Amino acid sequence: MLYKEEMQTHLSKRSITTFRVQHRETEREKERDKDFTTSKAKPQPRHNNMLSKVQRSFRPLSTLTMVRGLHKSALDVVERPASEETVTSSFGRFIQGVQPRHLSSKVLQRSKRMVLDSIGVGLLGSTTEVFELALQHCQHMYAPDDISFVYGRNGTKLSPTLAAFVNGVAVHSMDFDDTWHPATHPSGAVLPALLAISDMLPSKSKPRGLDLLIAFNVGIEIQGRLMRFSNEARNIPKRFHPPSVVGTMGSAAACARLLSLDNFQCSNALAIAASLAGAPMANAATQSKPLHIGNASRLGLEAALLASRGLEASPLILDAVPGVAGFSAFYEDYAPRPLASPEEEEQHSFLLEEQDMAFKRFPAHLGMHWVADAAATVHKALMDLSLGSISPSMVQDILLRVPHSKYINRPFPESEHQARHSFQFNACTALLDGEVTVQSFQAEAVLRPELYELLSRVRVEHPQDNPANFDRMYAEVEVTLVSGDVFRGRCDTFYGHWRNPLSDESLRKKFHNNASAVLTQEKVDALVEAVEGLEYLDDCTPLLAPLQ
């Protein structure tokens, strides 16, 4: 229990003090905030007093006392601030400066949908082999710390960083988590770390639901901004898995915000996270791919905790410095721009306001959703002929017109993870069954003889006008029967894409199906209620309790 005691001692000077002070608000301050908490139909912005209260709690300390633990170089920065703001420092100021008024009703609604979906896929992911392996590793190799909950394991707790890791693994264990453009999986890298911190804090010091949402949106925004600084990032990745890079940075930013770190510490958290980031695409379609999300969540949290202790890193990590690789080590065409200070903006425009999130209907790589919907169209046309069922003996040839991307072009997948990354598998599954579901990736479904017979008839073409880009790609499936009849299906935007988002009803149905795999109906309903009213919760206990 040494870790727990040390963490609580350390954090008592920062986040724990913050939340305790928050619960000792004066009646005057409560009355001033009342306009937000009492108007559920139309939330009104309210000022987040968390940081100002931390500053007030430290006001009696002298400047020397406040910087005593810093290195000489850091003291120079404190005493002689840079005359020009850097990109890195602007990100630090943004993380610390976002206020409730900056979150529009659309951003709040969209981010709550992300939270609900991420929890659901994490709960379902806790039933997988890769999650069990990760959990056993943490339980057997590290001293027990009964601090933060684990998805799908009632009564099981780990240290906050290990809980962030295994819960992140759960979220991506079936490739069922949300996807954005430029391509990344944003929620799984951020939410497990924030929930681990929230569970770590004492019962009387839990963050408000609104504080959690602010930190979550900060983590999502940082990922989106970093990826938009590169044209390379807009395409399906070839070299490294984006969540292992921008996800780690987003986790660090979100955790730094929830822990109430100052501007300088927030910048350091990002710089430290950059040294903990990166994973090669060669591990896609293997059991190691979910580790990318788990590590992003865990290492981002560790970066924020290290920054809170005073660990320093490059103050120019996000800047374009000639001859020195910072974030450009990941994206060669990286062209950064500073973030405007939220304090200078009446209404910061979050990227989530401009572009919604893609939510998957079945657990596979996002590109599979185009080809599955196109193939399902052909299946319906064949079934309309009153054939009763589709037999491989009817099919002479199957042509797929899809983007060129080697790691999702897998003619004969041999495992569930390869199947989740195979244009051929998902097209043939939809042709046979009319849809792709969670059950489609179970061993008995993956190894069906009739499926392999169809796979042997598949050809793939890569049209020049079909780029490996989630915003511009399409899929066509052309099936030629032995009779000579030809059936075609095409999908330009599948149901669940950010241009055609899942309805609230569909998203809740997905959540219920996923969460019910490990929770009682009462707890599932409690989670839906907690997430839908998250910005009105005085603390996060109603969200955390059903997950324990």
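Remember, it's a predicted structure, so these values are computed and weren't measured experimentally. Scope of the values below: all heavy atoms of this structure, side chains included, with no hydrogens, waters or symmetry mates.
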Under 4.5 Å between any side-chain heavy atoms of Met357 and Arg113, yes or no? no
Does the side chain of His348 pick up a donor-acceptor pair with the side chain of Glu221 at under 3.5 Å? yes
For a 4.5 angstrom cut-off between non-hydrogen side-chain atoms, does Thr156 reach Gln139? yes
Given His365 and Asn426, is the side-chain contact (heavy atoms from CB on, under 4.5 Å) satisfied, shown in steps? CA-CA 10 Å; His365 183 278; Asn426 288 273; over 6 Å; no
Mind checking whether Phe441 and Phe425 have ring centres under 6.0 Å apart? yes
Name the residue from Trp370, Phe470, Tyr474 that meets the ring pair (Phe, Tyr, Trp, His ring centres under 6.0 Å) definition with His497. Trp370
Between Arg361, Arg490, Lys380, which is the residue that forms a salt bridge (charged side-chain N to carboxylate O under 4.0 Å, His left out) with Asp373? Arg361
Nearest-0.5 Å distance, NE2 of residue His512 to CG of residue Asp525: 5.0 Å
Within the side chain of Arg298, is there an N or O that forms a donor-acceptor pair under 3.5 Å with the backbone of Leu162? no
Under a 3.5 Å distance rule, please check whether Ser230 uses its side chain to pair with a backbone N or O of Leu226 as donor and acceptor. no
Looking at Thr179, Asp178, Asp117, which hits side-chain hydrogen bond (donor to acceptor under 3.5 Å, both in side chains) with Ser187? Asp178
Under a 4.0 Å threshold between the charged nitrogen and the carboxylate oxygen, would Arg499 count as salt-bridged to Asp356? no
With sequence neighbours excluded, residues passing side-chain contact (heavy atoms from CB on, under 4.5 Å) with Arg410: Ala285, Tyr407, Gln418, His421, Ser422
Is it true that a side-chain atom of Lys510 and a backbone atom of Asn514 form a donor plus acceptor pair closer than 3.5 Å? no
Ring-plane angle category for His241 and His172, please: parallel below 30°, perpendicular beyond 60°, tilted otherwise. tilted
Are the charged groups of Asp471 and Arg234 less than 4.0 angstrom apart, N to O? no
Pairs in or reaching into residues 153-168: which pass salt bridge (charged side-chain N to carboxylate O under 4.0 Å, His left out), with residues at least two apart or in two chains? Glu132-Arg153, Lys157-Asp199
Whether over 12 other heavy atoms sit under 6.0 Å from Gln521 CD: yes
Can the ring centroids of Tyr331 and Phe240 be said to lie less than 6.0 angstrom from one another? yes
Is the gap between the ring centers of His185 and Trp180 under 6.0 Å? no
Quick one, Gln287 and Glu129 - any side-chain contact, counting heavy atoms below 4.5 Å? yes
Take atom CD in Glu522; do more than 12 heavy atoms of anything else shown fall under 6.0 Å from it? no
